[in-house]
Structures are given as C-alpha cells and as structure tokens.
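Every chain is numbered from 1 and lettered A, B, ... according to where its sequence line falls, protein lines coming before strand lines.
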Number of protein chains: 2
Amino acid sequence: MTSDTGTKAPRRKNMRAEEREKLIVTEAVRFFAESGFEGQTRELAKRMGVSHAVIYRHFESKDALIERVYEHVYLKRWKPDWESLVLDRNLTLRQRLTQFYVEYAERVFDYDWVRIFVSSGLKSYGLTERYLDIVRSKIIEPAALELRRERGEPERTDPPGVDELELFWGLHGAVFYIAIRKFVYNMPLEIDVEAAVRNTVANFFDGTLGRPIESSLGDCSK
Amino acid sequence: MTSDTGTKAPRRKNMRAEEREKLIVTEAVRFFAESGFEGQTRELAKRMGVSHAVIYRHFESKDALIERVYEHVYLKRWKPDWESLVLDRNLTLRQRLTQFYVEYAERVFDYDWVRIFVSSGLKSYGLTERYLDIVRSKIIEPAALELRRERGEPERTDPPGVDELELFWGLHGAVFYIAIRKFVYNMPLEIDVEAAVRNTVANFFDGTLGRPIESSLGDCSK
DNA sequence: TAGATAAGTTACCAAGCGGTCACTTTTGCA
DNA sequence: TGCAAAAGTGACCGCTTGGTAACTTATCTA
C-alpha cells in the first residue's frame, strides 16, 4: 500500500519543542485577535493541523498561553529609539511627533495588535495599564515638556500639569482612533493610514481653521 | 413556624412579565458590560435572586437577550436635537460642536455604554457599523459641509471629500478616546470629562500652538 | 541499528453552559 | 373563595471545553 521507496518515510513530521512553541504563539496571536480570548484551544490546534493536546504539552494552561501572547504582542513592538526621537531638538516638535506617530502606526496598527490590545483592556488583566504607563512616561510627558520650549515659555523644571498631559493624550487618542475604526469597528478607511496620521498631527498643531484641507498626500515633513 | 398574622403571606413575589423583562434587560446591560457577552445566564439570574430558567421564560435565547441589550444601550441614547444643532447657523461651528460633544459625552460616556459598544465592535454583529453610520450622516458630514462656510469658501454643493470627513472623524476619535481611557483602559481621569471634551474641541479648532494651555475649567463658550 | 527520549494522538474526565420541561407557588378575577 | 393563568423552580439534557493520561510514532544518538 505504501508507495515509498523502501526507506521508512515518516507519515508525520515532528517539530522541535522550541519551534512548535513559537508557532503556537504566532498562531494564537492571530486566533485570539479574531475570536477573543474565549476562542477554544481545539479550534486553535486545528488551524495548525494538530491535536489540541499538543498545546498542553507546551503550555501549562490556556492562561499561560495567553500570557505569552501578551508578551509577544506588546513588548516586542516598542522601539526604544522613539524615546530619544521625542527629545531630539534638531527637529521641531511637530516633526518629531509626526515621525513618531507615523512609525508607531506602522509597527502597531495591525489587526492582531489593536484587537488584542482592546480585548485585554476590557478584560483588564492590568496589562494595558502597564503599557500605557510606558506611553505616558516616554512620549506624553516628554512631549508636554518640549511644548513649553516650543512655545517660547520661560524655562521651568516642574512636571507637566494635568492639562498639559491631556493635550497630548488627545493627540494620541485621535491617532489611535484611526486604528480602532479600522480594526475594531471594521470601518473601511478610504485614506491610507500614514496620510491619516500625518493629517491628524498637522491638525493638532495648526487647528482646523488655520489650515486648508490637504490632499491625502498631506505633507508636513518640513 | 411562620410568624405571619393569619393571612397567607406569599413567600415569593411574582413580577409581571413586562416588569421582569425590563429588569432583566437592565441587569443584563450592566452584567455584560462587566463580563463581556460570554457571561453566563446563571450568573446574571443569580444577581436578580432568581433561577436562570426565568430568563428563558422571557427571552427566546441568550442571543435574543443580547439583541435587546443592544437596542437598549444604543438607540435609546441618541438625541435627535443634535442633528439640527449641528446645522444651527446662529452659533459658530465651534460653539455647535462644543455643545454637541458636551451633551454627547454626558449621555453616552458611562461604563455600560462604552464597554458594550467596544465589545460589540470586536464581535462585529454589524451593530457598531450601523451606529457609526448615524454618526457619520448626522454629525460628521453636516459638520464638514458647515466648515466650508465657516472658512468662507465659495458655496458648493458637492458632498464632502474623504479628507474633509477624516478631519471630523479625528475630532470624534479624540473625544471618544477620553471615554475609552476611562472605561476600557481603566485609566484614572484626573480632569473632569466635560472639561476634557471642551479642551479637545477647542484644540481642534485652534491648534496647539495657537492656544495657551487652559485650566481645567476651559471656557470656549464664546 | 537498537532503544531511549521527545513529539504527537486518541480517548476520556469533570465542570460549565445554553436550553427545556414537568412541576409548584403566586396572583388576578369570576 | 376558588380556580385558571401566569410566574418561578429544580432537575435534567446534551454539547462544549479546559485539561489529563496512556498509548503510538518520529527522531536523535551511543
């Protein structure tokens, strides 16, 4: 019956533990992004063409797997360069934030990331809080301080007040909402994401009344 | 054993169907907002001090109940006045949008509404899409057309282009993100919501550079 | 190449869950 | 006051689901 040429050909390929674990995490990211964390391990296993017991050979529990998914999705995407970018006084604050948000959107605005982020916010394992702490301390606060200078205010060293922070949370929200519309609300975005981000930052600085409507190519690099 | 005074006192109170249904929906709204739609009917019933079969006497299925929750949460909160408010040329566009978003936030920014809205976005029953259609056609598009006039552009009748719409989606996002931070990400908002909304709208019109940082009392009524 | 070890499978458990049904209790009304 | 209809209960069904264990198959190495 078997048509192989004498050498016992394995019907099934085994993967090395490490490789399989990686694959499980990768698949799980996409899977949980689609189904939410209620998605069943059997379904996930089926996607990999494997029995669901395999998952439990490599992960202690479903929760342990979810933990790994978090790590993979959150921590791996933060670019430490961004922290110095915001402080780089060779550029205007507007240039810095434009570049930051364009790069940020590039790395973070995808189906998996956005949905898992929002899902876990609803579940509140405390992970979104931790992530947003990073955003605040590395981006929002520094930007608020830089704005003082940009505006030519006298040098001060006191930490930014609530209103100064709120301002930049507002920008962050406007940008992030682009991703929410696309990946959570499933609204068709007729403009490409980069252009949307550029426009959002531009409008943040200039205001609506001070600025003509730009084409989607929106240029604010200078 | 029974200490009542002779008249057969009912051990259990029955509710009228209509009243019970209302109570179930009310409780379900809060319950699903907390637990997501995976929350069990037994748990929900326990909160009402009732067996879970009661739910199935009044609702065909869990899905039917969820449907009712949607209705209750979404449709009941839209104020038709808003549609004419946006068009009211006795006010500046800035005044109109400030008032709209302040009222909108007042009605819509609560734990139940925001979480159910986002949850159902992730599940995509198509309901968020329908809701956002209302926002677009009643607020975003009219506002975009009014802005042309505000800017003193020559009268035109063509529908607003993508970029004109994007601009106002940006404002909407910045405002809504306030609610997301508070009820989804569970971030402590140190500023009151109305002030945050006012500041967001003000910044939308003036831009950051053109405007001093305001105190949380942020006044932009004139 | 034998056999130890790692990877994968099948069958199963026990708890959870949506939903139903026969029954009891309450209540409105003739 | 008595009784039929409405409201509520508890036990049960069957499917799902996370998790386990005994077994089979592949792979690495002495």
Under 3.5 Å, which donor-acceptor pairs link side chains of residues 21-31 of chain B to any protein atom two or more places apart or in another chain?
| from | atom 1 | to | atom 2 | distance (Å) |
| --- | --- | --- | --- | --- |
| B:Thr26 | OG1 | B:Lys22 | O | 2.8 |
| B:Arg30 | NE | B:Asp112 | OD1 | 2.8 |
| B:Arg30 | NH2 | B:Asp112 | OD1 | 3.4 |

(message) Which residues pass the salt bridge (Lys or Arg N to Asp or Glu O under 4.0 Å) test with B:Glu129, not counting sequence neighbours?
(response) none
(message) Going by the rule salt bridge (Lys or Arg N to Asp or Glu O under 4.0 Å), which residues pair with A:Lys62 if we only count those two or more places apart in sequence or in a different chain?
(response) none
(request) Would you please name every residue forming a salt bridge (Lys or Arg N to Asp or Glu O under 4.0 Å) with B:Arg107, sequence neighbours left out? (result) none
What donor-acceptor contacts under 3.5 angstrom involve side-chain atoms of residues 43-57 of chain A, with partners at least two apart or in another chain?
| from | atom 1 | to | atom 2 | distance (Å) |
| --- | --- | --- | --- | --- |
| A:Arg47 | NH2 | A:Glu34 | OE1 | 2.6 |
| A:Ser51 | OG | A:Ala53 | N | 3.3 |

(message) Test: side chain to side chain donor-acceptor pair (under 3.5 Å). Region: residues 174-189 of chain B. Which pairs qualify, not counting sequence neighbours?
(response) A:Glu166-B:Arg181
(request) Residues of residues 43-63 of chain B with any non-hydrogen atom less than 4.0 angstrom from an atom of DNA chain D: list those, numerically ordered, please. (result) B:Val50, B:Ser51, B:Ala53, B:Val54, B:Arg57, B:His58
(message) Could you work out, with side-chain contact (heavy atoms from CB on, under 4.5 Å) as the rule, every residue matching B:Glu38, not counting sequence neighbours?
(response) A:Glu38, A:Lys123, B:Lys123
Protein N or O to nucleotides 28-30 of chain C N or O, pairs below 3.5 Å:
| from | atom 1 | to | atom 2 | distance (Å) |
| --- | --- | --- | --- | --- |
| C:dG28 | O5' | B:Arg16 | NH2 | 3.4 |

(message) Using the salt bridge (Lys or Arg N to Asp or Glu O under 4.0 Å) criterion, which residues pair with B:Asp88? Sequence neighbours excluded.
(response) none
(request) Among the candidates D:dG19, D:dA26, D:dG8, find the nucleotide nearest to the side-chain atoms of A:Asn14. (result) D:dA26
(message) At a heavy-atom distance below 4.0 Å, what parts of residues 17-32 of chain A sit against DNA chain C?
(response) A:Ala17, A:Arg20
(message) Please enumerate all residues that pass side-chain contact (heavy atoms from CB on, under 4.5 Å) together with B:Glu146, with sequence neighbours excluded.
(response) B:Leu87, B:Arg89, B:Leu93, B:Arg96, B:Arg149
